[in-house]
Amino acid sequence: MENIKAIRGFDDIFFEEAKKFRYITNTFRELFRLYNFEEIILPIVEYKELFDRSVGEITDIVQKEMFVFEDKSKRVLALRPEGTAGVVRSVIEHGMLYKKPFLKLFYEGPMFRYERPQSGRKRQFHQIGCEVLGLDNPITDFEIIKLCFDAFKKLNIDITLEINSIGCPVCRPKYREALTNYLKDIEGLCKDCEERRFKNPLRVLDCKVETCKELTKEAPVMLDYLCENCSNHYKSLKTYLDSFGVPYKENPRLVRGLDYYTKTVFEFIKDGLTLLAGGRYDNLVESLGGPKTPAVGFAAGIERIMLFLKSEYKEDLYAVVYIENTVVEALKVANILREKGKRVELVSKGSNLKKKLEIADKLGASYALIIGPEELKKGVYILKNMNTKEQQEIENLEQLFST
RNA sequence: GAGGAUGUAGCUCAGCUGGCAGAGCGAGGGAUUGUGGAUCCCUAUGUCGCGGGUUCGACCCCCGUCAUCCUCCCCA
């Protein structure tokens, strides 16, 4: 009988990794609180059609990366590949936009994409992200970018912010046409770009192949084609970023993969890997049947951020060690320490003091509190510093909290 | 979905043109019944990823399969 193993691309996260994971989500959650976001907890399964209509039918995510299945009633369902679609669906379904002047929602949870796993890319991965619905002012774009900037600062990760504007339905078609015209006559593009040039010409711009980069050096730039509205929006955003000293790199070739983006797009990139990305999507709500509603959002890849999170979290551990028949006293001591907020392990395993201290050591305890019959008689505890080996008798546990 | 590398003890890895399965770390125990970590001694590590094939004989060669890592495609 072969042992059952985890499914390909579905990883277990535990010990130090789980701590990192929570450290990241807690950091974002605290910022969401400061920026007045509300949490929204959504299902992991939706009708497949939702993603077809939001993410975009021609995207790879929809065409080849979704976990799609039929349930017992022949409904065609999908594990969510991203978070925005579900948020928008929910907002429309519950008429939330009619109840509040605007919405600021954040979410956190697993996403699923059927891809070949590699580092920073799993089939089940986790995102934390947010959506602001009902605000079209670039100040909102700025605020969520600032929130991300704050997050990476708190996480102590040096990262590059890239921004761009990809226009709107007024100006983008003109640009697209200009770009297609330009690409039409280029020869020597890579195989992928040959396909992309008509299917999704914007993607040719961020091809990694050197010859493609070289060949498209003179390609027209979206920024030159922005309509007045989009152009002003982009300029204001930059003004806000500048005035707050948020460093960014303008990347006119930054294109996001999902169909719904308009105007502002941005990515936080570390060593060529996108850790967080987002942008504005002013038409998605309407296209999914809701009222015309401008929106901006982002999503951060938690596992990807974990790759660059180096800090160690050290919290003192008190090992309460008892000898012979002092168990009850030890239980009481452990209880008091816990009530005072200390992290405590009562060492019940191990038959003698030597063993118990060995175990305390292996657990990584910073202090051991030793309680034996002699101490009980004298009314003291032995406090041993596990790093320095020094130990002292203390009469009162309060002494632990004064220093 | 395409290309490449790798699967041997809990972990990191040796293993000769094909001839008895190995080391280090870690784990458990110990002369010491009240003092741990870098010492010493002892002990156990196992479906050599899985399934076929070739062979007197396969960890080693061949085919398939699964998984991991890397590069693409794409994306957080």
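Below, chain A is the first sequence line, B the second, and so on; all start at residue 1. Note: hydrogens, waters and symmetry copies are ignored here, and every other heavy atom, side chains too, is used.
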**Q** May I ask you to verify if any side-chain N or O of A:K362 is less than 4.0 angstrom from the OP1 or OP2 atom of B:rG28?
**A** yes
**Q** Distance check needed: B:rC74 P versus A:L254 CG, whole Å only.
**A** 14 Å
**Q** Which whole number of Å gives the distance between the P atom of B:rA2 and that of B:rA58?
**A** 34 Å
**Q** What nucleic acid atoms does A:E303 come within less than 4.0 Å of, heavy atoms only: base, sugar-phosphate, or nothing?
**A** nothing
**Q** Reading RNA chain B from 5' onward, which residue's closest nucleotide shows up sooner: A:G120 or A:G9?
**A** A:G9
**Q** Counting any heavy atom closer than 4.0 Å, what does A:R116 reach on the DNA or RNA strands: base, sugar-phosphate only, or nothing?
**A** base
**Q** For the side chain of A:L353, starting at C-beta, report the closest nucleotide among B:rC69, B:rG3, B:rU35.
**A** B:rU35
**Q** When you look at A:H126 and A:E303, which way does the side chain to side chain donor-acceptor pair (under 3.5 Å) test go after all the steps?
**A** CA-CA 7 Å; A:H126 298 77; A:E303 285 89 341; 2.7 Å; yes
**Q** Give one of base, sugar-phosphate or nothing for A:A360, where a contact means two heavy atoms less than 4.0 Å apart.
**A** nothing
**Q** Taking the P atom in each of B:rG1 and B:rC60, what is the distance between them to the nearest angstrom?
**A** 29 Å
**Q** What is the separation between atom CG on A:N325 and atom P on B:rG34, rounded to the nearest whole Å?
**A** 12 Å
**Q** With a 4.0 Å cut-off on heavy atoms, is A:D11 in touch with a base, just the backbone sugar-phosphate, or nothing at all?
**A** nothing
**Q** If the C1' atom of B:rG3 is compared with that of B:rC61, how far apart are they to the nearest Å?
**A** 25 Å
**Q** Using the P atom as the reference point in each nucleotide, state the distance between B:rG10 and B:rA44 in Å, no decimals.
**A** 15 Å
**Q** Please measure how far the P atom in B:rG36 lies from the corresponding atom in B:rG29, and state the result in whole Å.
**A** 15 Å
**Q** Does atom NZ of A:K213 have more than 12 heavy-atom neighbours, drawn from other residues, nucleotides or ligands, at distances under 6.0 Å?
**A** yes
**Q** Less than 4.0 angstrom from a charged side-chain N to a carboxylate O is my criterion; do A:E16 and A:K19 meet it?
**A** yes
**Q** Keeping the roles fixed (side chain from A:Y175, backbone from A:P220), state whether a donor-acceptor pair exists under 3.5 Å.
**A** yes
**Q** From the set B:rC74, B:rU71, B:rG34, return the single nucleotide nearest to any side-chain atom of A:E115.
**A** B:rC74
**Q** Check the distance between B:rG36's P and A:N385's CG and give it to me in whole angstrom.
**A** 15 Å
**Q** Does this structure show an ion pair linking A:K378 with A:E374, if we count only N-O contacts that are shorter than 4.0 Å?
**A** no
**Q** With a 4.0 Å cut-off on heavy atoms, is A:D361 in touch with a base, just the backbone sugar-phosphate, or nothing at all?
**A** base
**Q** Between A:E324 (CD) and B:rG34 (C1'), how many Å, whole number?
**A** 8 Å
**Q** Could you tell me whether A:E38 atom CD has more than 12 heavy atoms of other residues or ligands within 6.0 Å of it?
**A** no
**Q** If we take the C1' atom in both B:rC72 and B:rC16, what is their distance in whole Å?
**A** 38 Å
**Q** Take atom P in B:rU65 and the same atom in B:rU71, then report the distance between them in whole Å.
**A** 25 Å
**Q** Hey, is the side chain of A:S119 poking within less than 4.0 Å of OP1 or OP2 on B:rC70, counting only N and O atoms?
**A** yes
**Q** Would you indicate what A:I382 reaches in the nucleic acid, counting non-hydrogen atoms under 4.0 angstrom: base, sugar-phosphate, or nothing?
**A** base
**Q** Of the nucleotides B:rC73, B:rG34, B:rG36, which one has an atom closest to the side chain of A:L357?
**A** B:rG36
**Q** Begin with the C-alpha distance, continue with both residues' side-chain angles, and end with the deciding distance and a verdict on side-chain contact (heavy atoms from CB on, under 4.5 Å) for A:Y260 and A:T84.
**A** CA-CA 10 Å; A:Y260 51 63; A:T84 302; 3.4 Å; yes
**Q** Closest-nucleotide mapping onto RNA chain B: is A:Y114 or A:L276 further toward the 5' terminus? I mean the 5' end.
**A** A:Y114
**Q** Show the numbers, then the answer: is there a side-chain contact (heavy atoms from CB on, under 4.5 Å) between A:Y318 and A:V333?
**A** CA-CA 11 Å; A:Y318 287 79; A:V333 168; over 6 Å; no
**Q** Which nucleotide sits closest to the side chain of A:R8: B:rG34, B:rG29, B:rA67?
**A** B:rA67
**Q** Take the protein atom CD1 of A:I61 and the nucleotide atom C1' of B:rG1, then report the distance between them rounded to whole Å.
**A** 16 Å
**Q** According to a 3.5 Å limit on both distances, what stems of 3 or more consecutive Watson-Crick or G-U pairs are formed with RNA chain B?
**A** B:1-7 with B:66-72, B:10-13 with B:22-25, B:27-30 with B:40-43, B:49-53 with B:61-65
**Q** Considering only side-chain heavy atoms of A:K389, which listed nucleotide, B:rC74, B:rC72, B:rG37, is closest?
**A** B:rG37
**Q** Taking any heavy-atom pair under 4.0 Å as a contact, classify A:M111: base, sugar-phosphate, or nothing.
**A** nothing
**Q** Can you figure out which of B:rU35, B:rC69, B:rG34 approaches the side chain of A:P373 most closely?
**A** B:rG34
**Q** Does A:K354 make a side-chain N or O approach to OP1 or OP2 of B:rG37 shorter than 4.0 Å?
**A** no
**Q** Nearest to the side chain of A:E358 - B:rG36, B:rU35, B:rG34?
**A** B:rG36
**Q** Taking the C1' atom in each of B:rC48 and B:rG7, what is the distance between them to the nearest angstrom?
**A** 10 Å
**Q** Between A:K238 and A:E250, does at least one N-O distance fall below 4.0 Å, as a salt bridge requires?
**A** yes
**Q** Using a heavy-atom cut-off of 4.0 Å across all strands, would you classify A:E390 as base, sugar-phosphate, or nothing?
**A** nothing
**Q** With the threshold set at 4.0 Å, does a side-chain nitrogen-carboxylate oxygen contact exist between A:K362 and A:E358?
**A** yes
**Q** Is any side-chain N or O of A:Q118 closer than 4.0 Å to OP1 or OP2 of B:rU71?
**A** yes
